[in-house]
Amino acid sequence: MQVEQMYEMLKTKLGDIVPEVELAIKAEVAVEVLELKKARNAVILGHNYMEPALFHSVPDYVGDSLGLSHLAAKTDKDIIVFCGVEFMAETAKILNPKKIVLSPAEKAGCSLAASITAEDVRQLKARYPGVPVITYINTYADVKAECDICCTSGNAAAVVNSFREQTVIFLPDEYLARNVAAETGKHIIVPSRDPRLNTKDSVVDVQIIGWHGRCEVHEQFTVEDIASVRAQFPDVVVLAHPECSPEVVAASDFSASTTAMIKYVEQVKAPRFLLLTECAMGDNIAGALPDKEMLRMCSIRCPHMAQITLENTRDALKYTQYMINVPEDIRIRAERSVLRMLEIQ
Ligand code: 13P
Ligand code: SF4
């Protein structure tokens with residue numbers, strides 16, 4: 001594709017969202033990325049939170065963690081460039097040990113993935129022997145390796161319901177666990193970090209045992225935010241990601257994974273929508289669906305997702321950086337948990 005064509009395409013979609021001068025620079029970089037992608041026989045997977053010019057130009061596929069994991073499992077390209085945070089690129093590597101998997105940023109973390117270690121999981125397993133362990137995909141490979149199955153926001157309830165056991169451990173997102181408990185009608189506890197305070201948490205009537213992780217982005221949305229937007233726009237439809245607090249989810253009209261939120265906006269007729277999630281996604285939807293009015297609270301960006309840019313995606317392909325590696329003994333055990341999840345739907 002020529003730079004002029006790319007610029008026109010981006011301007012049509014993003015002319016009201018990204019300044020023209022920025023689009024002109026982004027168009028040049030996007031064309032370089034497309035050329036390098038072809039030359040290196042690479043596939044680019046882009047999470048729904050990518051910056052609008054990247055999201056709408058270079059990825060072969062865009063989607064949520066679940067959709068991108070399915071796609072990563074199927075690709076026949078030599079190189080996977082994962083435009084998303086590190087745990088996502090790591091999941092692609094777990095599924096493709098022989099391929100080169102690149103993350104454009106050297107370290108794109110996630111507060112949820114940072115909230116738990118493999119040793120924390122081993123201690124929980126020692127404390128609740130025989131209780132199955134479900135871990136959110138927003139964790140690193142060594143944590144996935146300690147668990148029985150992974151889940152994403154797109155299949156968390158289905159994964160919990162796939163167990164016949166009375167009780168499961170669900171890690172590490174406290175809010176997602178509470179939201180899944182509410183959705184599945186299960187009783188949840190989140191044991192204290194201080195073991196001396198955990199004297200009476202017999203698992204007899206508890207069906208989900210949680211952890212203390214939080215998404216640093218989604219925990220910021222409040223019920224008051226929703227009330228104030230509803231006061232201004234009574235006809236607004238509010239969508240909240242399930243990493244938001246249970247109170248925020250309860251005050252919203254719809255809660256699901258990022259791709260399910262996009263599909264909902266596509267399919268539902270409403271005067272305007274409020275997205276309670278990383279705000280780049282609102283821009284991405286606005287670019288794709290210009291007839292929809294998107295309200296978003298744009299003070300809230302994920303600092304980790306924001307590290308991925310068109311420029312460092314180009315450099316990833318140019319310099320084969322930053323290579324994701326997972327020790328083979330950990331990878332094999334983590335793969336079992338990811339594949340078991342992918343079989344569920
Ligand atoms: P999704 O799987 O819904 O895309 O969510 C990933 C994530 O990190 C949300 O903060
Ligand atoms: Fe992690 Fe939250 Fe950023 Fe998603 S938005 S990558 S959960 S910190």
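Counting starts at 1 for both ligands and their atoms, in listed order. As the structure is a prediction and not an experimental result, all values here were calculated from the model.
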**Student:** Less than 4.0 Å between a side-chain N and a carboxylate O, is that true for K144 and E335?
**Tutor:**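 No, this pair does not count.
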**Student:** Using a 4.5 Å cut-off on heavy atoms from C-beta on, say whether the side chain of F233 contacts that of P271.
**Tutor:**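 Counting from C-beta outward, P271 and F233 never come under 4.5 Å.
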**Student:** Decide, counting backbone as well as side-chain atoms, whether C302 has an N, O or S atom less than 2.8 Å from atom 3 (Fe) of ligand 2.
**Tutor:**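 Yes.
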**Student:** Please write down residue, atom name and distance for the protein heavy atom closest to atom 1 (Fe) of ligand 2.
**Tutor:**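 In this structure, atom 1 (Fe) of ligand 2 has C110 SG, 2.4 Å as its nearest protein heavy atom.
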**Student:** Short list, please: which atoms of ligand 1 are under 4.0 Å from a heavy atom of S257?
**Tutor:**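 In order of number, 3 (O).
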**Student:** Any non-hydrogen side-chain atom of N161 less than 4.5 Å from a side-chain atom of K186?
**Tutor:**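 Yes, close enough: below the 4.5 Å cut-off.
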**Student:** I'd like to check which ligand 2 atoms, numbered from 1 as shown, lie under 4.0 Å from a non-hydrogen atom of S111.
**Tutor:**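 In order of numbering, the contacting atoms are 8 (S).
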**Student:** What is the closest protein heavy atom to atom 5 (O) of ligand 1, and at what distance does it sit?
**Tutor:**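 Result for atom 5 (O) of ligand 1: H241 NE2, 3.3 Å.
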**Student:** Would you say that K37 contacts D60 through its side chain, given a criterion of any heavy-atom pair below 4.5 Å between the two side chains?
**Tutor:**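 They are in side-chain contact.
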**Student:** I need the atoms of ligand 2 closer than 4.0 Å to a non-hydrogen atom of N138, numbered in the order shown.
**Tutor:**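 Near N138, meaning under 4.0 Å from one of its heavy atoms, ligand 2 has 7 (S).
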**Student:** Looking at E328 and R331, is there a salt bridge between them, counting it only when a charged N and a carboxylate O are closer than 4.0 Å?
**Tutor:**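 Between E328 and R331 there is a salt bridge, with a charged N closer than 4.0 Å to a carboxylate O.
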**Student:** Please classify the N138 to ligand 1 contact at 4.0 Å (heavy-atom distances, strictly less than): side chain, backbone, both or neither.
**Tutor:**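 Only the side chain of N138 comes within reach of ligand 1.
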**Student:** Counting N and O atoms only, with roles assigned by atom type, does the side chain of K125 sit under 3.5 Å from a partner on the main chain of E146, one being a donor and the other an acceptor?
**Tutor:**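 Yes; at least one donor-acceptor contact below 3.5 Å.
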**Student:** For ligand 1 and T258, I'd like to know whether there is a polar contact (N/O to N/O, distance under 3.5 Å).
**Tutor:**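 By distance alone, the answer is yes.
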**Student:** Which of the numbered atoms in ligand 1 are below 4.0 angstrom from a heavy atom of S153?
**Tutor:**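 It comes down to these atoms of ligand 1: 1 (P), 2 (O), 3 (O).
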**Student:** Answer yes or no for H218: is there an N/O/S atom below the 2.8 Å cut-off from atom 2 (Fe) of ligand 2?
**Tutor:**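 It does not; every qualifying atom lies at 2.8 Å or beyond.
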**Student:** Salt bridge between R272 and D235, side-chain N to carboxylate O under 4.0 Å?
**Tutor:**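 A salt bridge is present here (some side-chain N lies under 4.0 Å from a carboxylate O).
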**Student:** Do you know which two heavy atoms are closest between K318 and R40, and how far apart they sit?
**Tutor:**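 Here K318 and R40 meet closest at O-NH1, 4.5 Å.
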**Student:** Please identify which atoms of ligand 2 are closer than 4.0 Å to at least one heavy atom of L112.
**Tutor:**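 Within the 4.0 Å cut-off of L112, ligand 2 contributes 7 (S).
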**Student:** Does M261 come within less than 4.0 Å of ligand 1, judged by its heavy atoms?
**Tutor:**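 False for this residue.
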**Student:** Less than 4.0 Å is my threshold; does some heavy atom of H47 fall inside it relative to ligand 1?
**Tutor:**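 The answer is yes, since H47 has a heavy atom less than 4.0 Å from ligand 1.
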**Student:** Regarding E266 and K263, does a basic nitrogen lie under 4.0 Å from an acidic carboxylate oxygen?
**Tutor:**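 No, no charged N to carboxylate O under 4.0 Å.
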**Student:** Between T167 and Y128, is the side chain to side chain contact (heavy atoms under 4.5 Å, CB included) condition met? List the steps.
**Tutor:** CA-CA 10 Å; T167 305; Y128 301 108; over 6 Å; no
**Student:** Within C215, is some N, O or S atom less than 2.8 Å away from atom 1 (Fe) of ligand 2?
**Tutor:**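 For C215, the answer is no, given that no N, O or S atom comes within less than 2.8 Å of atom 1 (Fe) of ligand 2.
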**Student:** Closer than 4.0 Å to some heavy atom of D64 - which atoms of ligand 1 meet that?
**Tutor:**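 Once the distances to D64 are compared, the set is 1 (P), 2 (O), 4 (O).
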**Student:** Given that the side chain starts at C-beta and the backbone is N, CA, C, O, which of these parts of E278 lies under 4.0 Å from ligand 2, counting heavy atoms, or is it both or neither?
**Tutor:**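 Neither part.
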**Student:** For atom 7 (C) of ligand 1, what is the closest protein heavy atom, and at what distance to 0.1 Å?
**Tutor:**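 For this ligand atom, the closest protein heavy atom is E243 OE2, 3.6 Å.
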**Student:** Are the side chain of D78 and the backbone N or O of I100 linked by a donor-acceptor pair below 3.5 Å?
**Tutor:**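 Side chain of D78 to backbone of I100, a donor-acceptor pair under 3.5 Å: no, none is there.
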**Student:** When the ring planes of Y264 and F273 are compared, do they come out parallel, tilted or perpendicular, using 30° and 60° as the limits?
**Tutor:**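 Y264 and F273: perpendicular rings.
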**Student:** Only one of T258, T277, N284 forms a side chain to side chain donor-acceptor pair (under 3.5 Å) with Y49, so which one is it?
**Tutor:**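 For Y49, the side chain to side chain donor-acceptor pair (under 3.5 Å) check succeeds only for T277.
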**Student:** Under 4.0 Å from a heavy atom of E243: give me the atoms of ligand 2 that qualify, with their elements.
**Tutor:**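 What qualifies from ligand 2 is 2 (Fe), 7 (S).
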**Student:** In ligand 1, which numbered atoms sit nearer than 4.0 Å to a non-hydrogen atom of S65?
**Tutor:**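 Numbered from 1, ligand 1 contributes 1 (P), 2 (O), 4 (O), 5 (O), 6 (C).
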**Student:** If we set the cut-off at 4.0 Å for heavy atoms, which region of T152 has an atom near ligand 1: side chain, backbone, both, or neither?
**Tutor:**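 For T152, no heavy atom sits under 4.0 Å from ligand 1.
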**Student:** Check each atom of ligand 1 against the heavy atoms of H218 and keep those under 4.0 Å away; list them by number with element.
**Tutor:**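 Counting atoms of ligand 1 from 1, those under 4.0 Å from H218 are 10 (O).
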